[in-house]
Amino acid sequence: MRKGVRLMLIVLVVGIVLCFSCLALAQPREETLIHDTVTGVVGTPDDFNTWAGWRWPDRGLHQYCLEPLWIAEPATGEILPLLARAWPPEYNEDFTKMTIYLREGIYWNDGIPFTADDVVFTIELHKRVPQLLMHGPMAEYVKEVRKIDDYTVEIALTKPNSRFHSYFLDRWGALRPMPKHVFEKVEDPITFKFNPPVGTGPYVLESYDPAGYWTTWKRREDWDRSATGQIYGEPKPKYITTRVFATEEAKILALLNGELDLAYLSVEGMRAAMRAPHVRTWRKEWPWACNIDPFVPGLVFNHMKEPYNLRDVRWALTLAINIEEFMTIAADLMAPVSPIHIPPVPAYKKAYFEPMYEWLVNFELDLGNGEKFKPFDPEVPFKLAALAKKKGYPVPEDPEAIKDIFGIGWWKYAPDVAEKLLTKHGFFKDEFGRWHLPDGSLWRIQLSGHPEPTTFHHRTMLAAADQWRKFGIGVETWTPVAFTTLNLLGEFDVNTTWAALEPWGAGVDLYRTLWPFHSSQVRPIGEYVAFDPGGSARWSDPRMDEIITKLEKVAIADEKATIELGLEALKLLVEEMPTIPVYGGIAFLGWSEMYWTNYPGAENLYPHPWHWWPNFKLTLPFLKPAKE
Amino acid sequence: MGLVLKLESLRAGYILRSLDRNRVIPAVNEVSLEIRDDEIYGIAGESGSGKSTLLKTMFATAIEPPLRIFGGKIYYYVQNKEIDVLTLSVQEKMRLSWQYVSYIPQGSMSVFNPIRKVRTVFLDFLKSHVKEGEEKLLAVATRHVKALGLAPEVLDAYPHQLSGGMKQRLAIALATLLNPRVILADEPTTALDVVAQKAVIQLLREIQRESKNTIVLVTHDMGVHANIATRVAIMYAGKIVEEGSTTAILKRPLHPYTKYLIDSLPRIGDKHVRESVPGNPPSFLDLPSGCAFHPRCPYVQEICKREVPQLVNVNAEHKIACWLERR
Amino acid sequence: MDDLEEENKRMKAKTLRTYLARRILQYIFVVFLGLSLVFFIPRLLPQDPIRAIIGQFQQHGAGLDTKTVETMVVTFQELFGLSGSLVEQYLTFWRRILTLDFGPSFFQFPTPVSELLRRFLPWTLGLMLTSTVVAWLIGNIIGGIAGYFSRSRWARLMDVLATVVRPMPHYVFGLVLLILFAYLWKVFPLGGGASIGKPLSFNIVSLLDVLRHSFLPILTLVILNGAVWYHQMRLLVQNVKNEDFVQYAKMGGVRTWCLVSQYVIRNAMLPQVTGLALSIGQIYSAAIIVEIVFSYPGLGTLLFEAISRADYNLIMGIAAISILTVSTLVLIVDLLYPLLDPRIRYR
Amino acid sequence: MKIVQELFRDYRFTLGFIFLTALVALAFLSFLSPYDPVKWLQVPRDMPPSWPHILGTNSKGQDVFWEATFAIRNSLLIALIAASVSRIIAAVVGLIAGYKGGSVDQALMFLTDGILVLPLVMMLILVASIMKGQISLVGLGILLAFFGWPWDARTVRAQVLSLREQVFTQTAMLSGKGVLALVLGEYMPHISPLLLSTVLNNMTWSISSEITLAILGLSKLETPTLGTMLYWALRRQALLLGYWWWILTPVVLTLVLLVGLYFISVSLCEYLDPRTRAQRVTME
């Protein structure tokens, strides 16, 4: 009996020792870049057919393997041609014909050259097969697509569309060219798995986990025949592995251990990771957030529900927010506030934020009885900076740097003004400080938010709920599973998503952001609207319709006219405040410098730094191995 | 006729943890007795008289908490050497148990591990005393069982497949496995039907006759004592109140308590219901003063209430502890 | 005599058969009940699953136009058997369950749920079975020994340890182990089921790799579940050690180790087999939580993913497969019981 | 009184009693809290324990000590609701099964055994993930109660069966007492102590289940409970940020609560029925 126990112990110990001896990685660590897959476990590990549906593009598929015609570059605010030869595309006078010129000398990773045939084939296939994701716009707009020569494609449109190219402009998804020689042999392009994927990008699939936890890519021998390689040079890592972690704790520990180079983290996760000396982030100093993400988290009112159809109520709720507390809860003070419906990213600072500053400072609200109130508070960034300083964060002294971090300003915290705006309409406060609606009933707001608590929308919801509760309104937070659907159907009072649909983040065109506010997009409650951000507010205004119609007739190249119309629209949105924009989108990037350096940080801003975005392929040629 | 076991003013009992203090249950009180070679020594008394505890104190390895010895001495006579049992180490006690003295427990229906075959229990007992291979030991066990007139197949059965009488006989076989000098049997016939009782008594008697060893038999059933015991001791409230040869005691019981016990025995041709002892046995926690039997005694005197009578010889073979006899 | 024996044998066979029949009938009932709950619970609740699905598509597909959404609703109603009367739905539900067809996962569209379950279930089963057996044995053996020698100092120490460890939330305990043994002292990997960069194959290196990755999750489960078994066993042993056959064997000088293992622990373990059957459901839930901490590629992590992505169909599938797995395991344990207890085997 | 005295002789009962009393006192302290548990940023964030924040503050700007008083209160409330409702179900099912016997008994026990082997937490997750974040305290209590009765229904049934055999049932029946009077008058006094002792085990189960649901993010996360406190501390990386006071508070409170319940339950079970104690003690 005892002998048996001893034997078992020995076997156990030997087993464990043996376990350690066979070590982890199949690829040499120094030549491998490892980052996390932000969208989680890959549900379709063996399927790369991203044209047929959601196929976890950020497992490396759209970063390393596929290339678009054009790509939006939020870091610089430019739009870059990749497979196309130039930006912007060529339209005819009345926007019924678009011509694309393709880059020469690009080859698919199986050695076949990339030509106009591929582009023509892709568009025609999408026009024909209804289940393909981009079938809708192709069927609606494309009359005819034809090849002029091997590197020129001409698309004739069914009706004028000055922004048809945007379907090919990559910003986390676009219609990217398919390899004709692969797909033309396929019977059903929907069920086809496209494994191994054939792309023009600089990497090929090496191996993947059948359970969907990791995918490894290998640099092409002929990387210089990819568009990325041709333009930017040799991507440095020989291998790239994308990997899933079930919890953030594990992700942080992996980053600290050197098992992970790049990680997408939460506010707190970032703070925890920064305790290690080899971990850095986008900004080397506080705040660590990467604040050039082109979206604006905010609050969306349902204009088909009382009393949110009243402009004064919407403004009162805006002024009831103490932005200092709000930003503490929502982003631990690390995001730039935005008083207008677009994010303060490089592309828009010069075009919109600077021209609007004077107007914002002078903007007045009418409180009734001839009383006026200037709600804009340019001091907000400095107040936020003071708060951050108090918390012990190192804050720069330079006012411009402070504005860069905290934004140009936001709306004043003015509960007294809010009170005036509300009492004007018959709202009243009882002896317990609770607000009542004009009909005498208690005011309750059902504030819905994203069910996943790590999302910005969820945090925004918590912050808004906290602020409005402190103001005296009974707020019930609600995080239903069908959150997005309920937004689309209009079954909410106030929700927290993006204050408006994300703009491109590059170029100056705001058409994408404004279109959901067009009156043709409004649907009654119970019917689906097409866009959740902006659209679910069900707000429209003839002035906005007019601006949009004008904008449709302006060519993308005419920046001056585009900006003018954009400014007009943004001012209208501030006046009406159909949704409250709060801050510019941020992300927390943990970067380990154990194996790779020269990441695109704020001090060294070349391409967009997000490793889950298709833009990341542009970063790879600039990385440097740490041990050299 | 030599001695095999001797007790000298032995006091033993249990400690009961109760609400506010620890209380002593003196189950065996100042008992002295001598057990001889080649006899069957019976110990009788009502339940709760301390006879089982007394038997346990004679079995060295059974003396462990909660059972405790408060005073007195226990002697074994191994190869004519007197051994003071209470001074022995655990190992020495272990060596003596089963080889010199063995034990048949009360309620021996459940002495066998219910989920293992009877054989394994025999082997376990043998293994801990004899250094031999398993097969040899099994042969020893089989031979022994056969010698006792039992079918050797029963060794391959599970306990629940056997009858109560069979289990009891197997328990006896287990106790006599190493041919001990003294066998302590605690109520071996209780809870058996008449036929099985008879078989068990027969078996015990045969074993004794054959190996000329000693059996100490505890039972409340005077009939059993009458049947096989050579000498009998009567216990009451942790004390021996009368001791003598079976014939002497049966014929001429001297202690009033013994008289009651004997009178309650059924006799052939009896017409009327026998009288049992009136009243209830006393609690050890609250023993009467003087002679513990006095509240139930028909001949009670003043002295009985004050002073404890000592066990004295009436004649060479007969002892009694009663003030009546002192007169 | 021969007749009697024959009769006896027939009776034995009959009781055993009745036992088995009753047990299997119950198994069928449990599966029926559990899966019916899976069908009815979502339908009794106020939220519409289809809306959840559409929302999911909206969140990562590009904006769907209204017409597409409406046709999708109809398609999904058919796909998930939500059209027709409740009875029809219920029948469809069973037809699909019996073919293990749970429809596609919403989040991992178009991967069928059954495919995902097939991919992840073996990991969970492996983790759970290993840790359950080890925890059960270790907990019972240590509990048995500690119960027998309950006065000794180390037994008291074990008591305190088990009492303090037992109510620890699995997540917290696992996380602490992870930090200790994968970060501060880097002996084990940070998570996952196997090393990354190379697909698994059937060889000794892969096997050891899997073992190494599952060591910490198993350790967590073994310690936490073992503490439960420890406590139960300790109490059982305190009863068993006063039984006549133990006392007698002790008097007879049967050696202590033989006594503790063959007499005390073996007998006290029998009720623990029943206990094992009853607690498999709990162990299963615990395993699911532990998987999450260690990013273990099992049903737990899948469930966590499904919950945070509101992949309602996948959650249903996991619930259904959990019921099937757990009740089957319970059945197996119950069927094994007669093998361990001769009193039932040969009644 | 003597019973209580007897119970307190057991050090486990005494310890458990002290633990629970302390926690209940803590729960009552919540009524004196200077802070609203739902509101954020009421105190400086991330402060280690110091006066006046004796257990420090968390990243939400709440005082951990006062937050904990609410958490204990709500967790106890959920557990009490779950325990009492499930006791009622257990008592009714057990009484009917035990009293009626025959096919009713068989059917009920079949159902009971069936629910018993289901992966209950999985079922809870199924419900909670559809109701995500919308289950109120009372609702969660009732939900837990719905799955928490089978084991104890069996216990009650066993007790009723043994009572039925006893003479007084027949006497009572012969004397013309109605079933209800019989059950309430004769059985309940015997069953209530049994139910009382199972309350503690059920509370343990409910509290643990609540924690599991909360860690998966499935309970109403704004309401402070031991589970949601742990959830926030974990999700806001208190452990890796070194905010030990934030994560240790719910963990230690949970340990104290569950150990206290365990001690009292073991001690009570031994007191009530030494023979079956082992089986009842630890089936969570």
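All values derive from a computational prediction rather than experimental measurement.
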* **CA sep, side-chain torsions, deciding dist, call: A:T39, A:D58, side-chain hydrogen bond (donor to acceptor under 3.5 Å, both in side chains)** => CA-CA 7 Å; A:T39 52; A:D58 63 326; 2.6 Å; yes
* Asked: Using a cut-off of under 4.5 Å for heavy-atom pairs, which of C:L302, C:I292, C:V210 has the most such pairs with chain A?
  -> C:I292
* Partner chain C: residue of A:P45, A:G535, A:G212, A:P516 with the largest heavy-atom pair count (under 4.5 Å) -> A:P45
* What part of A:T247 gets closer than 4.5 Å to chain C, counting heavy atoms only: side chain, backbone, both or neither? -> both
* Asked: Do you know which two heavy atoms are closest between A:T497 and A:D532, and how far apart they sit?
  -> CG2-OD2, 3.7 Å
* Please list, chain by chain and in numerical order, all residues satisfying side-chain contact (heavy atoms from CB on, under 4.5 Å) with C:K186, sequence neighbours excluded. => A:N257
* Structure fact -> Turns out that what part of C:L190 lies under 4.5 Å from chain A's heavy atoms comes down to both
* **Contact origin within C:F294 toward chain A - heavy atom pairs under 4.5 Å** => neither
* To do: With a 4.5 Å cut-off on heavy-atom pairs, point out which of C:T301, C:I179, C:L314 contacts chain A the most.
  => C:T301
* Asked: Considering only heavy atoms, which portion of C:F304 lies under 4.5 Å from any heavy atom of chain A: side chain, backbone, both, or neither?
  -> side chain
* Any chance you could lay out the side-chain hydrogen bond (donor to acceptor under 3.5 Å, both in side chains) test for A:Y208 and A:N195, step after step, and finish with the verdict? => CA-CA 11 Å; A:Y208 61 90; A:N195 183 8; 3.2 Å; yes
* Would a line drawn from the ring center of A:W172 to the ring center of A:H62 be shorter than 6.0 Å? -> yes
* For the residue pair A:T32 and A:T241, confirm or rule out a side-chain donor-acceptor distance under 3.5 Å. => no
